Participant: 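Have a look at this one.
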Amino acid sequence: MKSVGIIGGGVIGLCTAYFLQKEGHEVTLIDQSAMDFGASYVNAGYVSPSHIIPLAAPGVVKQGLRWMFNTSSPLYIKPRLEKSFMDWAWAFQKSCSHGNVERSVKAIKDITLLSSRLFSEIKASEGFTFQLENKGLLMLCKTEAMLEKEMKLVKTASEEGLEARTLSLSETEKIEPNVAMDIVGATFYQCDWHTTPQEFMTELKHYLQLKNVQFLRNERVLDILTQGNEITALRTDERTVRADEFVLAAGSWSHLLSKKLGIKIPLQAGKGYRINS
Ligand SMILES: Cc1cc2nc3c(=O)[nH]c(=O)nc-3n(C[C@H](O)[C@H](O)[C@H](O)COP(=O)(O)OP(=O)(O)OC[C@H]3O[C@@H](n4cnc5c(N)ncnc54)[C@H](O)[C@@H]3O)c2cc1C
């Protein structure tokens, strides 16, 4: 049994705490917020093996430059004249290659399939009641050009063993009979899942507290203390937290802390979507 300090109480921090406590480790989780808001609470809840093409793909830089200056575009990353942004933009454009897409497809597929398996495992093992469904994803295409592009994606996904297919108009209408659709066709990914993040996060926090995971809320990690090559403790604005092992799960803030260890992570926060009902 080891003691583990986790920086960040978003979905990654909580799930890490879940699996560590299950293995018998003593977990302390530190978050600078009250742990009731943020990306992990407000996201769209999609677990999407269908999204196997990385964002860094050929053509994205040209498109992205146009999108970047429009806050209502699907990919909005606030452009800034800062070194960290410039470094990220340089690394991103270098990754927009066919080689990178080919290398990434398998890794993204493995991670997202593992993620959907682990969500199901968590739900089944502890009697959680959060929503988790395998209804799949419908991509609706308004133009032939878009349908053709999506069909290529279906081909790639199918070759990777994912349940993906192209639908005719009438097949699409059968799936959503009550929606009037102005489309030429659609693609369907049965492999995709969705959950309700607020429910998932609330239940997981409650469960972890019952399992004696210690939460240090509203406490900010300011520094990472080292001795030689070992991390020995975290210094927060309230105390020093010692542990055998540490996990950095600080989301889009992670690069700020990793810098203290001389580790450069090119990372920028981007825009996301959610559905309010
Ligand atoms: C609107 C929206 C929709 C999205 N939709 C989807 C989707 O459908 N599917 C999907 O897979 N992804 C989606 N995403 C992305 C997804 O939400 C994020 O990738 C995910 O929540 C990141 O989780 P995380 O735990 O890494 O980071 P976060 O949830 O950001 O958690 C990091 C935590 O670290 C804490 N922290 C940071 N620095 C410190 C410090 N120094 N000391 C202490 N604590 C610190 C922060 O307070 C924060 O609570 C969406 C994102 C948004 C915003």
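Order of appearance sets the numbers: ligands from 1, and atoms from 1 within every ligand. All figures in this text were calculated on a predicted structure; none of them were measured in a lab.
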Participant: With a 4.0 Å heavy-atom cut-off, what residues sit around ligand 1?
Facilitator: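 For ligand 1, the contacting residues are Gly8, Gly9, Gly10, Val11, Ile12, Ile30, Asp31, Gln32, Ser33, Ala39, Ser40, Val42, Asn43, Ala44, Gly45, Tyr46, Glu219, Arg220, Val221, Ala249, Ala250, Gly251, Trp253, Leu257, Gly272, Tyr273.
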Participant: So, are Lys155 and Glu159 salt-bridged, with charged N and O less than 4.0 Å apart?
Facilitator: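 Looking at Glu159 together with Lys155, the answer is yes, because their closest N to O distance falls below 4.0 Å.
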Participant: Could you walk me through whether His194 and Gln131 pass the side-chain hydrogen bond (donor to acceptor under 3.5 Å, both in side chains) test, one step at a time?
Facilitator: CA-CA 8 Å; His194 70 278; Gln131 184 205 21; 3.3 Å; yes
Participant: Once side chain to side chain contact (heavy atoms under 4.5 Å, CB included) is applied, do any residues pair with Thr16, and if so which ones, sequence neighbours excluded?
Facilitator: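 Here the qualifying residues are Ile6, Ile12, Leu20, Val247.
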Participant: Checking side-chain hydrogen bond (donor to acceptor under 3.5 Å, both in side chains) for the pair Glu219/Thr236: CA distance, chi angles, key distance, verdict?
Facilitator: CA-CA 6 Å; Glu219 208 164 316; Thr236 76; 2.8 Å; yes
Participant: Is Phe246 close to Ile224 at the side-chain level, that is, under 4.5 Å between some pair of heavy atoms?
Facilitator: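 Not in contact.
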Participant: Quick one: do Ser50 and Asp192 satisfy side-chain hydrogen bond (donor to acceptor under 3.5 Å, both in side chains)? Show the steps, please.
Facilitator: CA-CA 6 Å; Ser50 64; Asp192 283 13; 2.6 Å; yes
